[in-house]
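This report refers to the structure that appears directly beneath it.
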Amino acid sequence: MIFCMKLNIPQKFLKPYDPKATEEKVYKSWQESGFFNPDICVEKGATKADAPVFSMVQPPPNVTGTLHMGHALATTLEDIMVRYHRMKGFRTLWVPGTDHAAIATQAKVEGIIYKEEKKRREDLGREEFVRRVDAYAKQSRDTIVGQVKKLGASVDWSREAFTLDGKRSLAVRTAFKKMYDDGLIYRGYRIVNWDPKGQTTISDDEIVYMESIGMFYTFRYSKDFPVSIATTRPETKVGDTAVAVHPEDVRYKKFIGKEYSIDFAGTKIHIKIVGDDAVDPKFGTGAVGVTPAHSHIDWEIAQRHKLLIVPVINEYARMSVDSPILKDKKVAEARIAVVDWLKSEKLLEKEESIPQNVATAERTGGIIEPLPKLQWFIDVNKKIASRKNKSLKDLMREAVLEKGVAIIPDRFEKVYMNWIENLRDWCISRQIWFGHRIPVWYRTKQGINKTLEYETYCGIEAPENDPNKPDWFQDEDTLDTWFSAGLWTFSTLGWPEETADLTTYHPTSVLATGYDIIFFWVARMILMSTYLLGEVPFKTVYLHGLVRNALGSKMSKSQGAVDPILMCEKYGMDAVRMSLVVATGPGNDTKMSEDKIRAYKNFANKLWNIARFVLSSVLGETYDEKFAEFSLDDRALLAEQNELLKEISREMGEFKYYLVAEKVYAYIWREFADIILEKSKDIFKNGGDADRESRKQFLLRTLVKFLKILHPFAPFVTEEIWSDMPVAGKKSLIIESWPM
RNA sequence: GCGCGGUUAGCUCAAUUGGUAGAGCGCUACAUUGACGUUGUAGAUGUUAUAGGUUCAAGUCCUAUACCGCGCACCA
């Protein structure tokens with residue numbers, strides 16, 4: 001009996017845990033099992049067909065290159081949610097995909113082409129250029145897919161989507177047409193945010209304000225003009241058509257209604273003095289030079305007073321005004337020229353420096369020039385008949401206030417509401433080539449009085465040409481990338497077709513994403529889904545923080561970014577995942593350091609060695625789920641464990657993964673390894689048969705439970721250990737049941 | 001200007017509904033050839049930013065201040 005059959009534990013346990021030899025192999029086995037696909041889970045009996053549903057869409061990474069630590073954090077959190085629910089028996093779907101990221105990708109490829117060939121997109125032509133960007137996007141997509149796999153994401157690859165692929169394009173055109181028909185999308189000549197560097201308009205949300213110090217000039221248009229005005233942009237003043245004062249301002253009241261023709265900086269301007277409540281009498285001189293063509297507020301003032309609009313700056317941020325001292329000058333040069341002219345005419349009264357915010361384009365960094373242009377907009381205030389006369393703003397508000405979209409952490413609800421309050425019509429047309437072309441076509445027709453007019457057609461497909469009429473030509477512009485991203489929760493499930501996926505998995509359960517894109521994306525998804533489908537896109541929004549480097553600044557390659565893939569190669573992905581999740585509450589930024597990752601690599605190895613000890617201690621034994629003859633000591637330990645498991649289960653339900661990860665870590669290392677295993681050595685050596693048997697089953701039971709609990713956090717090492725556990729009838733850990 | 005978050009051990013951060021503060025890394029000393037040195041044991045370091053208040057009890061709730069960070073608005 002003492003000389004029982006010599007059994008050995010698998011060779012691999014004799015060496016430290018080797019993530020490199022494990023991770024790829026394990027991921028492959030998962031993929032081959034098909035269990036990332038809920039249909040197969042049902043088919044193979046791993047999930048009940050009538051089980052509750054848990055669904056998510058992956059926030060599609062931009063096809064601009066590679067993943068960074070932020071992606072790794074998001075993916076880890078999502079994968080934890082997905083694996084947890086799958087193990088809990090939910091019919092679980094996680095849809096992967098990538099985003100074409102219109103401006104970002106186009107800018108990136110333009111940069112590469114210019115660097116390598118000294119060519120601009122115009123040199124290549126639209127078709128060839130788009131072909132190049134497509135090729136880049138494809139390659140980038142392949143890289144990203146490889147990285148998402150490395151991260152261990154249990155996404156259903158059979159449902160992979162791309163915001164610019166055929167199905168998603170159909171969804172975009174369908175959505176556009178419906179909005180067009182409902183009068184929510186309109187084309188209008190309005191002042192927009194023009195990015196001279198990217199040569200396109202951008203939406204209000206794509207503006208990044210840079211603080212700087214600017215000069216504030218106080219002057220008069222001419223010697224006999226009755227009021228002084230102040231500005232930081234003298235070069236725009238050649239486009240002034242009015243001076244606005246507060247209607248009750250006693251200093252200026254008497255001039256309201258008067259008009260003046262003035263020679264100013266080499267051109268002629270015509271100024272009308274108007275009274276407008278928007279003017280703050282205490283700011284500057286209390287009188288505003290109104291430049292309708294180059295300022296949002298002035299544009300609005302001009303609308304109210306029916307003022308002339310005189311554009312003086314062009315798309316290249318150069319002066320288009322007919323003045324010998326300004327024509328074709330860059331705005332910065334023109335500014336100096338106007339100030340010089342004011343000085344020479346002795347019109348400048350004061351010059352002081354003030355702090356100001358310079359509007360720049362998020363993607364290109366170009367300084368935004370407000371320009372009046374003919375663009376496409378989404379009307380956020382129009383009442384929609386098919387939605388009980390509610391506006392898009394109403395629908396967005398309602399989703400959170402009444403329809404129960406929960407935002408975690410809830411303080412972002414306030415931020416979201418505040419954004420809706422300030423929201424103006426969304427400019428959706430972009431003058432770039434890479435993206436969804438606006439599904440609107442035009443052809444010329446003879447108007448009344450022989451004027452040339454355009455006939456407009458909006459449709460899901462191009463209209464057919466009529467041999468007796470001029471040919472249709474399509475609108476040149478493409479759509480804001482967030483238009484297609486807004487459809488993501490349902491375009492990925494087959495909309496506009498009424499697919500089984502759509503009815504089963506929409507609304508999705510949770511959307512996990514960074515708080516930095518709450519406006520860009522979260523709000524737009526709510527807008528699109530509530531309007532187009534009449535339901536919310538998700539029930540819960542989990543907003544995670546940004547990953548910062550050890551210095552606390554946003555991760556960027558130039559500033560010592562910690563690359564997740566590099567870290568994975570060094571320490572294993574389980575370590576990277578754990579280090580990202582521990583002590584990272586929702587909405588809080590987290591600092592990433594290699595030390596932290598190293599600590600969790602040690603943890604993975606600790607687990608490995610625990611398994612080695614347990615396996616070698618129970619050789620010949622099989623895990624008995626129903627074993628009940630536990631010793632008093634073991635019973636007490638199990639009771640303790642149950643308390644912990646209860647806490648953990650509650651916290652998993654409350655999205656408190658950072659607490660769970662920490663607790664499991666502490667229990668496994670400080671309790672299980674340091675105390676329980678040490679004591680076990682003594683029991684195995686000196687204890688009676690019953691105690692030894694009890695302890696063996698206790699160790700097995702504990703390891704089984706904690707491998708399962710740890711699996712969503714550290715999927716690779718747990719699955720690898722699981723494969724050698726003496727558990728009869730075991731399946732892959734991904735579909736094993738959650739222990740509680 | 002409006003709003004939000006933060007300030008806890010040298011560093012990075014925890015502390016679930018208020019119950020005399022914890023972890024990792026780092027540091028000090030010691031130990032150990034049988035699961036693991038990617039280890040173990042022991043230890044040091046805190047007026048929880050400041051000042052008030054509520055409470056039997058405050059890191060946690062309230063008020064104010066300071067500093068750091070962020071969002072929005074303004075930016076003539």
Side-chain angles (χ1 to χ4, degrees), chain A residues 9 13-17 204-205 209 211-212 214 216-218 228-234 236-237 240 243-245 276 278-280 283-291 295-298 301 354-359 409 411-419 421-423 515-516 518-519 545-546 548 550 552-554 571-572 575 578-579 582-585 587-617 647 650-651 654 656 658-663 665-666 669-670 673-675 677-678 680-681 685 699:
Chain A
I9 62 163
F13 282 107
L14 300 179
K15 280 187 263 169
Y17 173 60
D204 295 343
D205 296 289
Y209 291 100
E211 268 180 46
S212 77
F216 193 51
Y217 304 94
T218 306
S228 303
I229 58 160
T231 183
T232 53
R233 298 202 57 186
T236 64
K237 297 291 104 182
D240 283 11
V243 163
V245 297
D276 197 289
V279 179
D280 176 4
F283 191 91
T285 62
V288 184
V290 181
T291 323
S295 153
H296 282 100
I297 293 193
D298 294 4
I301 294 175
I354 57 159
Q356 64 170 163
N357 283 333
V358 178
R411 63 184 145 90
F412 283 101
E413 257 185 43
K414 224 170 169 176
V415 177
Y416 172 81
M417 291 300 166
N418 181 251
W419 177 79
E421 285 317 307
N422 292 313
L423 186 61
Y515 65 74
D516 54 334
I518 181 167
F519 309 139
L546 310 179
R548 297 173 183 279
S553 51
K554 246 183 168 173
Y571 304 105
M578 287 288 285
S579 68
V582 170
T584 309
N588 292 336
D589 292 353
T590 178
K591 277 183 195 162
M592 200 59 222
S593 70
E594 216 170 313
D595 278 349
K596 207 167 158 186
I597 302 174
R598 198 180 300 120
Y600 289 98
K601 177 196 164 62
N602 295 350
F603 176 64
N605 191 58
K606 187 77 185 179
L607 191 67
W608 188 252
N609 283 301
I610 288 170
R612 174 179 168 182
F613 176 79
V614 172
L615 289 175
S616 62
S617 306
E647 270 178 52
R650 197 188 65 235
E651 284 160 355
E654 292 169 350
K656 291 178 177 164
Y658 59 108
L659 290 179
V660 175
E662 211 182 336
K663 275 180 188 168
Y665 176 93
W669 202 317
R670 306 272 82 105
D674 288 352
I675 298 171
L677 292 194
E678 287 307 320
S680 301
K681 290 176 187 171
K685 215 172 182 180
L699 293 185

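These numbers come from the heavy atoms of this one structure, side chains and all, not from hydrogens, waters or symmetry mates. Keep in mind that this is a model prediction, so the values were computed, not measured.
You'll find a donor-acceptor pair under 3.5 Å spanning the side chain of A/Arg650 and the base of B/rU16, going by distance alone.
Residue contacts shown for A/Ala604 are absent, as no nucleic acid heavy atom lies under 4.0 Å away. Within the nucleic acid shown, A/Ser616 has no heavy atom closer than 4.0 Å to any nucleic acid atom. Across all strands, A/Asp595 comes closer than 4.0 Å only to sugar-phosphate atoms, never to a base (heavy-atom distances). A/Glu651 comes within 4.0 angstrom of a base, heavy atoms only.
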State the dot-bracket string of RNA chain B. Criteria: Watson-Crick or G-U wobble, both atom distances under 3.5 angstrom; notation: ( ) intrastrand, [ ] crossing earlier pairs, | interstrand, . unpaired.
-> (((((((..((((.....[..)))).(((((.......))))).....(((((..]....))))))))))))....
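Scored by the side chain to side chain donor-acceptor pair (under 3.5 Å) test, A/Gln356 finds no partners at all (sequence neighbours excluded). Every residue two or more places apart in sequence or in another chain that forms a salt bridge (Lys or Arg N to Asp or Glu O under 4.0 Å) with A/Glu421 is listed here: A/Arg397. Considering only residues two or more places apart in sequence or on other chains, A/Tyr571 meets the ring pair (Phe, Tyr, Trp, His ring centres under 6.0 Å) condition with none of them. Listed by chain and number, the residues in a side chain to side chain donor-acceptor pair (under 3.5 Å) with A/Asp205 are A/Trp419, A/Arg524 (sequence neighbours excluded). Residues passing the side chain to side chain donor-acceptor pair (under 3.5 Å) test with A/Ser579: none are found, sequence neighbours excluded. Taking A/Arg670 as the reference, A/Asp674 meet the salt bridge (Lys or Arg N to Asp or Glu O under 4.0 Å) condition, with sequence neighbours excluded. By the side chain to side chain donor-acceptor pair (under 3.5 Å) test, A/Glu413 pairs with no residue at all, sequence neighbours left out. By the salt bridge (Lys or Arg N to Asp or Glu O under 4.0 Å) test, A/Lys681 is found to be paired with A/Glu678, residues two or more places apart in sequence or in another chain being considered.
The minimum heavy-atom distance between A/Tyr515 and A/Gly545, with the atom names listed, is CE2-CA, 3.6 Å.
Look at OH on A/Tyr416: it is 20 Å from P on B/rG5, rounded to the nearest Å. Atom pair A/Ile301:CD1 and B/rC75:C1' shows a separation of 13 Å (rounding to whole Å applied). Rounded to whole angstrom, the span from the CD atom of A/Glu662 across to the P atom of B/rA15 amounts to 8 Å.
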Polar pairs (N or O, both sides) under 3.5 Å between protein and nucleotides 66-70 of chain B?
none

Between the protein and nucleotides 72-74 of chain B, list the N/O to N/O atom pairs that are separated by less than 3.5 angstrom.
from	atom 1	to	atom 2	distance (Å)
B/rC72	O2'	A/Asn418	OD1	3.2
B/rC72	O2'	A/Asn422	ND2	2.9
B/rC74	N4	A/Asn357	ND2	2.1

Pairs: protein N or O with nucleotides 40-42 of chain B N or O, under 3.5 Å:
from	atom 1	to	atom 2	distance (Å)
B/rG40	OP1	A/Trp669	NE1	2.2
B/rG40	OP1	A/Arg670	NH2	3.1

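When the C1' atom is used for both B/rA9 and B/rG22, the distance is 10 Å, rounded to whole Å.
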